[in-house]
Structure formats: structure tokens, C-alpha cells
Amino acid sequence: MSKSLFTSLAKVASLALLLASLAAPALAQPINVLIFGDSLTSGFDLPKAQGFPAQLNHRLLADGYNVVVWNGSNPGDTSADGYARINQALQYNPDLVLVEFGANDMLDHTDPRVTYRYLDAIIRICKARGARVILAGMLSLPKNGPNYIVGFNNIYPTLAHSNRVPLYTFMLAGVYGHPALMQSDNEHPNALGTAVMVAGIAPLIEANLRSIRVASPAPSRRGARLLSRR
């Protein structure tokens with residue numbers, strides 16, 4: 001082999017190694033998942049490792065998904081509060097947002113039309129920023145009366161249809177009404193209840209993560225963890 005040919009091959013090999021080294025970190029970038037809601041998804045009154053974001057993150061990693069789950073849930077927030085801070089949350093560029101509001105609206109007996117407008121705005125803003133959205137539904141307590149129940153419960157399927165986003169029908173499915181899965185206030189899930197919530201919604205989240213990987217091969221953008229309260 002001539003010296004000039006050997007030198008050319010060496011240069012090509014060096015260039016290939018350089019390109020591989022540059023591409024590897026980009027391919028390793030995780031998909032950012034933002035949990036954006038109230039106390040039901042903030043890990044309220046639980047150790048950080050037992051809260052919804054941490055348990056979901058653990059589940060997704062165990063299932064082979066390269067993700068970082070960020071906690072953008074604020075205990076006590078209504079849909080109006082969520083709308084007020086949506087731009088702050090989206091500065092971290094999530095690829096997937098789980099929108100979970102409405103329980104506090106319902107407890108405050110907020111007009112369902114008002115809740116609808118705020119949630120609709122949140123979803124539209126997330127989508128406009130390029131994030132995929134999953135809507136977590138809530139159901140009214142029976143004490144609110146039939147008219148309110150119908151109006152409130154219809155918020156979520158109507159929003160999901162009009163915005164073409166997947167709906168998880170009831171965030172507390174399999175948890176609410178089961179004392180062993182609830183904290184002593186009978187309003188918030190305990191660690192075991194949170195695990196049930198994660199198990200319920202994880203398949204829907206994972207289906208959307210697979211869609212993100214197929215539709216958007218470009219690397220996800222890292223963000224920073226958000227703070228939360230009740």
C-alpha cells in the first residue's frame with residue numbers, strides 16, 4: 001500500500017471517528033416529559049422518590065425509554081393558575097406534556113365553561129410550541145348536582161376531540177374511593193396509589209413516546225426541574 005493511499009485512508013477513518021463522536025451525545029439526549037398539573041401529580045405530601053413524577057420516570061426508564069420526567073405540577077393550582085404559568089413551564093422545551101388540571105376547579109365549583117377555556121388555551125399553547133400533549137381527565141363529585149356533573153365531565157372528552165389529543169379518562173382511576181390507596185385526607189394518593197396511577201397511564205405515555213421517536217429523530221432538548229407546591 002502506497003504511503004499516499006495509507007494517509008488518505010487514515011484521514012477518512014479519523015473523520016469518521018470525529019463524526020461518530022459528535023453524533024453519539026446527540027443521539028443520547030433524552031425525551032423531556034413535563035408533568036403539568038396540580039397536587040394529584042406533584043407528589044403532594046410524599047417523599048420525592050414516591051411522588052408521581054419520580055415513579056413515572058422510574059417506570060419509563062425500566063421499560064427502556066430514554067426520558068427525563070420534569071415535575072411542573074403545583075399543588076392547589078386551578079386551570080387558571082396553570083394557564084398563568086404555562087409559558088414558564090414551556091421554557092424548558094418539553095417534548096411531551098401531561099396536562100392535569102380541573103380537580104381544584106371542580107372543588108371551587110368553577111363554571112365548566114371557564115375551566116374548558118383555560119385548558120383549551122394550555123393545550124393549544126403546548127402544541128404551538130411543538131410539544132405532544134396528553135390530557136388527563138377529572139370527574140365531578142356527586143355532591144355538585146347533575147347539571148354541574150354533566151357540564152364538568154364533558155370538558156375532557158370535548159377538549160380531547162377538538163384538539164386531537166389523547167385522553168386519559170380519569171387521573172385517579174382505580175385509586176379514588178380506595179382507602180388503602182389514599183392519604184388520610186381521602187383526596188390525595190399515597191405512594192401505593194401513585195404507583196397505581198403510574199401503572200394506569202404509563203401505556204398511553206409510552207405509546208406517545210414511541211410516536212415522538214418515530215416522527216422526530218432530532219435530539220430532544222434538556223430542561224431544568226420545576227418547583228411545586230400545593
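Heavy-atom basis, side chains included; hydrogens, waters and symmetry copies ignored. From a predicted model like this one, the values you see are computed outputs, not experimental measurements.
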Practice item. Give the intermediate values and the outcome of side chain to side chain contact (heavy atoms under 4.5 Å, CB included) for residues L34 and Y92. Key: CA-CA 9 Å; L34 174 65; Y92 302 105; over 6 Å; no
Review point. Going through the distances and angles, do L98 and V33 end up as a side chain to side chain contact (heavy atoms under 4.5 Å, CB included)?
Key: CA-CA 8 Å; L98 175 64; V33 178; 5.7 Å; no
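A perpendicular orientation is assigned to the rings of F170 and Y176, their planes being inclined by more than 60° (bins at 30° and 60°).
Applying the side-chain hydrogen bond (donor to acceptor under 3.5 Å, both in side chains) rule to pairs touching residues 138-153 yields S140-N144, sequence neighbours excluded. For residues 151-177, no pair satisfies salt bridge (Lys or Arg N to Asp or Glu O under 4.0 Å), with sequence neighbours left out. Applying the salt bridge (Lys or Arg N to Asp or Glu O under 4.0 Å) test to pairs two or more places apart or on separate chains, those with a residue in residues 114-123 are D120-R124. The stretch residues 197-208 participates, sequence neighbours left out, in these salt bridge (Lys or Arg N to Asp or Glu O under 4.0 Å) pairs: R59-E206. Residue pairs meeting the ring pair (Phe, Tyr, Trp, His ring centres under 6.0 Å) criterion with at least one partner in residues 45-69, sequence neighbours excluded, do not occur; the list is empty.
Between the CD atom in Q29 and the CD1 atom in I31 there is a gap of 11.5 Å [rounded to 0.5 Å].
In this structure, N87 has no side chain to side chain donor-acceptor pair (under 3.5 Å) partners at least two apart in sequence or on a different chain. With sequence neighbours left out, the ring pair (Phe, Tyr, Trp, His ring centres under 6.0 Å) criterion links Y118 to Y83. Residues satisfying the side-chain contact (heavy atoms from CB on, under 4.5 Å) criterion with P157, sequence neighbours excluded, are L167. Partners of D108 under the salt bridge (Lys or Arg N to Asp or Glu O under 4.0 Å) rule, at least two apart in sequence or in another chain, do not exist in this structure. Residues that satisfy the side chain to side chain donor-acceptor pair (under 3.5 Å) test with T110, not counting sequence neighbours, are absent from this structure. Residues meeting the side-chain contact (heavy atoms from CB on, under 4.5 Å) test with V196, sequence neighbours left out: V175, L181. Under the rule for a side chain to side chain donor-acceptor pair (under 3.5 Å), T194 has no partner lying at least two apart in sequence or in another chain.
Taking all atoms of both residues into account, the shortest heavy-atom contact from A54 to A49 is CB-O, 3.7 Å. Contact record, D77 with G82: OD2-N, 4.3 Å, taken as the closest heavy-atom pair.
The residue from V67, V69, L209 that alone fulfils the side-chain contact (heavy atoms from CB on, under 4.5 Å) condition with L96 is L209.
Under the 3.5 Å distance criterion, the side-chain polar atoms of N190 are matched with a main-chain donor or acceptor of A180.
In this structure, the side chains of L40 and H188 come closer than 4.5 Å at one or more pairs of heavy atoms.
Inspection of the D81 and T78 side chains reveals an N or O donor paired with an N or O acceptor under 3.5 Å. Of the N and O atoms on the side chains of T41 and S73, at least one donor lies less than 3.5 Å from an acceptor on the other residue.
Neither L46 nor L56 shares a network with the other; the hydrophobic side chains, linked directly or stepwise wherever heavy atoms of I, L, V, M, F, W or Y lie under 4.5 Å apart, form separate groups for each. Hydrophobic clustering of Ile, Leu, Val, Met, Phe, Trp and Tyr side chains at less than 4.5 Å, counting indirect connections, keeps M106 apart from I149.
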